[in-house]
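Okay, so here's the structure we're looking at.
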Number of protein chains: 2
Amino acid sequence: MFMDRNQPDLGAAEWSLPARCAACGVRMASLCGGISAGALEALNRIGRKRVLRRGEALIWQGDIAEQVGILHHGLVKLSASLEDGREQMLGLAFPADFVGAIGDRPSSHCVTALTETELCVFPRSALPGLVEAYPEIGQALLTRAYDELDQLRKWMLLLGRKSAEERVASLLLQFAARGTCSPGAPVALPLTRQQMAELLGLTIETVSRKLTAMKRDGVIALPDLRSFVILDAPALAVLAAETP
Amino acid sequence: MFMDRNQPDLGAAEWSLPARCAACGVRMASLCGGISAGALEALNRIGRKRVLRRGEALIWQGDIAEQVGILHHGLVKLSASLEDGREQMLGLAFPADFVGAIGDRPSSHCVTALTETELCVFPRSALPGLVEAYPEIGQALLTRAYDELDQLRKWMLLLGRKSAEERVASLLLQFAARGTCSPGAPVALPLTRQQMAELLGLTIETVSRKLTAMKRDGVIALPDLRSFVILDAPALAVLAAETP
DNA sequence: CGGTAGGTTGACTAGGATCAACTTTGGTGG
DNA sequence: CCACCAAAGTTGATCCTAGTCAACCTACCG
């Protein structure tokens, strides 16, 4: 019965929510939040919970992904490597983000957990059929894909044209934008210096030096290794070459 | 009447092809090639031909795009800039490629013609409705979006981790891959040195020097400014750090 | 207490940017 | 057809940013 596909009244459909989805903390923020009860049920049927330990990979570069997933807790990195070991982080996935692709080509990148991570995984092979049956899922994926394209393009500008100092400042601003909105409050820094370097296309030494310089200049404070405080937001925006 | 949505028999539908689409040289390669006759007719109704002169923009960074398009002839660049004028090319669009996005947020990048360009444009505001009415269009866009994500990720690895020489060699290989398949034949180089530099995150001088060096080492020949010949393909692959 | 992973700092180096001069190419009009 | 000019490209000298290598520091853990 596909009746509910024709009346995707999400509010009224709450009663039929699969228990697991009703308890899901990221549902409304994830692509599950914008689809009909029928589509959600179909996803729920084929989805299962999976936990990744720190360092464990969901998808390997060069392999055809067997699973795609929606992040619940934790932090995941996308990264690509050259044969000689050089590695570039391509982005992070936070809770509610979708990771993976629909096509059956070898993946261009790895997906690896940076912390203990919990996600809802689906067999990739089931996706094309689902998108066919529930176009809303395709639309949700499309919106997210365009968002991701925009993010990547912004990052390409950073990698191609920004100086080391601008890169570090940009990263700090990005963490601040996604974290607490209260100015002056410490912002969590979920990456090690090494991981920041991988993400910014720099070395760990350069990241460390630039952070120290910003601290010395009173732009930021570094209360501990995993957080920072913005002391002079306008100055940080200037350092990041972001003053729109 | 949406009858044809339920019987997207593309072969048998040829008879009803809009004249313009029947004459379109890139139709089958573009997203129009994978959709039903009904969807194609709907697209044809709202599409119109547009010509961009060299340097003319279809979409400006920061503006909300009014048009999206499918390229027929010519070459188009996507690029992003910082306030101080530094510019990074984000990619090229070739005939049959789709440019633009569905969302109504300000564009993260410019879309500018590098040569006299002809495309089929559609009002962006009509897209969400079209995707809703013809899910196949959404699926075609989704496939293309994932392809583009993969391309961008590959380019991020180049920008973040490859040396100048590796970048130039990678670009040459990419042009060779999309051009003639006959080894030893000259490959068209559709970009000026300046444009190559913008795309590679380098300066024009560095591009010139690396090309000269490869020529000196007998890896390539440069018969004129707008083409090159691969003399030693394996060596070029090594220089590009691409030996899969 | 020692060991280890993560982080910082310093000295030195090298790759690519910058600045400047010069050459080549291609188009235009006399 | 050639002279001229602007745009594109090349080459050289020099500078500077970020990479490399190495030592050391710090926090945390068994």
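Here the structure is a predicted model, which means the values were calculated and not measured. Labels below follow one simple rule: chain letters A, B, ... track the order of the sequence lines, proteins then strands, and each chain is numbered from 1.
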Could you work out which one of [options] sits closest to the side chain of [X]?
X        : options               : value
A:Thr206 : C:dT9, C:dA17, D:dG19 : D:dG19
B:Leu225 : D:dG9, C:dG16, D:dA22 : D:dG9
A:Leu202 : C:dG16, D:dA8, D:dA18 : D:dA18

Under 4.0 Å between any heavy atoms, over every strand shown, what does A:Lys210 touch: base, sugar-phosphate, or nothing? Just pick one.
->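 Sugar-phosphate, no base atom in range.
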Assign A:Arg226 to base, sugar-phosphate, or nothing according to its heavy-atom contacts below 4.0 angstrom with the strands shown.
->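 If one applies the 4.0 Å heavy-atom cut-off, A:Arg226 turns out to touch the sugar-phosphate alone, with no base involved.
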Which comes earlier along DNA chain D counting from the 5' end, the contact point of B:Thr212 or that of A:Thr203, where each point is its nearest nucleotide?
->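 The residue whose closest nucleotide sits nearer the 5' end is B:Thr212.
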Distance check needed: [N] [atom2] versus [X] [atom1], whole Å only.
X        : N      : atom1 : atom2 : answer
A:Glu205 : C:dG6  : CD    : P     : 14 Å
A:Asp224 : C:dA5  : CG    : P     : 21 Å
A:Arg193 : D:dT26 : CZ    : P     : 15 Å
B:Leu222 : C:dT24 : CG    : P     : 15 Å
B:Leu200 : C:dA17 : CG    : P     : 10 Å
A:Gln195 : C:dG6  : CD    : P     : 8 Å
A:Glu198 : D:dG19 : CD    : C1'   : 16 Å
A:Ile204 : D:dA18 : CD1   : P     : 17 Å

Look at the side chain of B:Arg209 and the base of D:dG12, then say whether one donor and one acceptor between them are separated by less than 3.5 Å.
->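 Checked by distance alone, the answer is yes.
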Carboxylate-amine/guanidinium contact B:Asp97 B:Arg144, below 4.0 Å =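 Here B:Asp97 does not pair with B:Arg144 in a salt bridge, since their nearest N and O are not under 4.0 Å apart.
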With no hydrogens and no angle check, do the side chains of B:Gln61 and B:Ser107 hold a donor and an acceptor under 3.5 Å apart?
->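 No donor-acceptor contact under 3.5 Å links the two side chains.
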Side chains of B:Arg50 and B:Gln67: do they bring a donor and an acceptor to under 3.5 Å?
->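 Yes - a donor-acceptor pair under 3.5 Å links their side chains.
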Any chance CD of A:Glu56 has more than 12 other-residue heavy atoms, nucleotides or ligands included, within less than 6.0 Å?
->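 Atom CD in A:Glu56 is crowded, with more than 12 foreign heavy atoms closer than 6.0 Å.
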Report yes if the side chains of A:Cys120 and A:Arg20 come closer than 4.5 Å at any heavy-atom pair, otherwise no.
->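 In contact.
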